[in-house]
Amino acid sequence: MKVIISGDHAGMTIRNEVKSLLEEMGIEYEDTGCSCETSVDYPDYALPAAERVASGEFDRGILICGTGIGMSIAANKVKGIRCALLSDVYSAKLTRMHNDANVIAMGERVIGPGLARDIAKAWLETDFEGGRHENRLSKIKAYEDKNL
């Protein structure tokens, strides 16, 4: 698995924690987030990362900002991206099992580093169930193909 991780100025602490987790899990990653605490625009980080997941260059993406909301909205504008905004482990598992989410967003001002780590680990270790969920994802893809 190859993961891209990115974030704005408000997500540096959690981003570093998740990078440590990826290293411990032996997962190859690239960090394209900002390296400053000066305000930057989250779309400048979310959109390129999401595009690289959509292109197949990366298997999954992890985006972090203050709330995760802006990053998730931006990422979901990219055709082929299913980005889930997460703040709990249960949703992290279900968004993989049922939605085959290929990107997640988290908010540093919403969750702490320990929970961010638990969420990322659960999401990375959970597989898509397929079955009845494939039909639902096919409907989303058909809409994207027609409208995006």
Side-chain angles (χ1 to χ4, degrees), residues 1-87 89 91-108 111 113 116-131 133-148:
M1 182 185 309
K2 192 172 175 186
V3 174
I4 188 165
I5 184 168
S6 196
D8 69 7
H9 61 284
M12 292 180 61
T13 301
I14 284 179
R15 198 168 87 233
N16 288 332
E17 187 69 31
V18 173
K19 288 187 329 187
S20 294
L21 171 69
L22 294 170
E23 290 168 9
E24 290 168 20
M25 294 178 73
I27 295 175
E28 181 181 350
Y29 73 90
E30 182 179 331
D31 179 4
T32 61
C34 76
S35 58
C36 64
E37 293 183 13
T38 306
S39 182
V40 297
D41 296 332
Y42 61 81
D44 295 339
Y45 296 90
L47 292 169
E51 288 172 347
R52 292 175 77 185
V53 173
S55 75
E57 181 182 353
F58 290 88
D59 302 302
R60 298 199 198 164
I62 299 173
L63 304 174
I64 302 164
C65 65
T67 63
I69 296 168
M71 288 286 204
S72 64
I73 290 170
N76 279 315
K77 298 298 182 190
V78 176
K79 184 177 179 179
I81 294 301
R82 293 173 307 282
C83 179
L85 173 59
L86 297 174
S87 58
V89 173
S91 296
K93 291 179 183 178
L94 268 287
T95 200
R96 283 290 309 135
M97 292 168 63
H98 294 183
N99 310 116
D100 198 19
N102 52 7
V103 177
I104 60 170
M106 295 185 282
E108 184 164 316
I111 61 173
R117 183 184 179 92
D118 292 344
I119 289 168
K121 187 173 193 309
W123 182 71
L124 290 164
E125 292 179 337
T126 302
D127 294 323
F128 177 52
E129 284 183 350
H133 306 293
E134 289 177 12
N135 184 52
R136 296 163 184 166
L137 294 182
S138 293
K139 290 180 179 185
I140 294 170
K141 184 179 182 324
Y143 181 87
E144 284 181 332
D145 289 344
K146 182 179 175 184
N147 295 288
L148 298 180

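The shown structure was predicted, so the numbers you read here are calculated from the model rather than taken from an experiment. In what follows, every heavy atom counts, from backbone to side chain, and hydrogens, waters and symmetry copies are set aside. Numbering of residues begins at 1 and proceeds along the displayed sequence.
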- For the residue pair Ile104 and Ala120, what are the closest heavy atoms and their distance? CD1-CA, 4.5 Å

- side-chain hydrogen bond (donor to acceptor under 3.5 Å, both in side chains) partners of Glu17, counting only residues at least two apart: Arg117

- Message: Give me the atom names and distance for the closest heavy-atom approach of Lys79 to Leu148.
- Response: NZ-O, 4.1 Å

- Whether Asn99 side chain and Ala101 backbone form a donor-acceptor pair below 3.5 Å: no

- Message: Rounded to the nearest 0.5 Å, what separates atom CZ in Arg96 from atom CD in Glu129?
- Response: 11.0 Å

- Would you confirm whether Glu51, through its side chain, and Val78, through its main-chain N or O, come within 3.5 Å as a donor-acceptor pair? no

- Query: For the atom pair CD1 (Ile81) and CG (Leu63), what is the distance rounded to the nearest 0.5 Å?
  - Reply: 9.0 Å

- Are Lys93 and Trp123 close enough, and set up right, to give a side-chain contact (heavy atoms from CB on, under 4.5 Å), and what steps lead you there? CA-CA 5 Å; Lys93 291 179 183 178; Trp123 182 71; over 6 Å; no

- Under the side-chain hydrogen bond (donor to acceptor under 3.5 Å, both in side chains) rule, collect the residues that match up with Glu125, sequence neighbours excluded. Lys121

- Message: Under 4.0 Å between a side-chain nitrogen and a carboxylate oxygen: does that hold for Glu57 and Arg52?
- Response: yes

- Item | Distance, nearest 0.5 Å, that separates CG of Leu21 from CD1 of Ile5 | 9.0 Å

- Run the numbers on Leu124 and Leu22 for side-chain contact (heavy atoms from CB on, under 4.5 Å), then give the verdict. CA-CA 9 Å; Leu124 290 164; Leu22 294 170; 3.6 Å; yes

- By salt bridge (charged side-chain N to carboxylate O under 4.0 Å, His left out), Arg82 pairs with (sequence neighbours left out) Asp100

- Got a second to check how far Leu137's CG is from Phe128's CZ, nearest 0.5 Å? 4.5 Å

- Task: Kindly write out the residues that satisfy side-chain hydrogen bond (donor to acceptor under 3.5 Å, both in side chains) with Lys77, not counting sequence neighbours, or none if the list is empty.
- Result: none

- Query: Does the Ser72 side chain pair with the main chain of Ile69, one donor and one acceptor, at a distance under 3.5 Å?
  - Reply: yes

- Task: For the pair Asn76 (side chain) and Cys83 (backbone), establish whether a donor and an acceptor sit closer than 3.5 Å, ignoring hydrogens and angles.
- Result: yes

- Heavy-atom pair with the smallest gap, counting every atom of Ile14 and Ala116: CG2-CB, 3.4 Å

- Contact summary for Ile4 and Phe58, nearest pair of heavy atoms: N-CD2, 3.5 Å

- Message: Would you say NZ of Lys141 has more than 12 non-hydrogen atoms from neighbouring residues, nucleotides or ligands within 6.0 angstrom?
- Response: no

- Query: Please, which pairs that meet salt bridge (charged side-chain N to carboxylate O under 4.0 Å, His left out) have at least one residue in residues 32-45, sequence neighbours excluded?
  - Reply: none

- Message: Ser91: which residues meet the side-chain hydrogen bond (donor to acceptor under 3.5 Å, both in side chains) condition with it, sequence neighbours left out?
- Response: Asp88

- Query: Of the non-hydrogen atoms in Ala75 and Ala46, which two are nearest, and what is the gap between them?
  - Reply: N-CB, 4.4 Å

- Item | Shortest non-hydrogen contact between Tyr45 and Ser6, atoms and distance | CB-OG, 3.4 Å

- Spacing of OG belonging to Ser39 relative to NE2 belonging to His9, to within rounding of 0.5 Å: 4.0 Å

- How far does OG1 of Thr38 sit from CG of Asp8, to the nearest 0.5 angstrom? 11.5 Å

- Message: So does Ile64 get a backbone contact from the side chain of Glu108, meaning a donor-acceptor N/O pair under 3.5 Å?
- Response: no

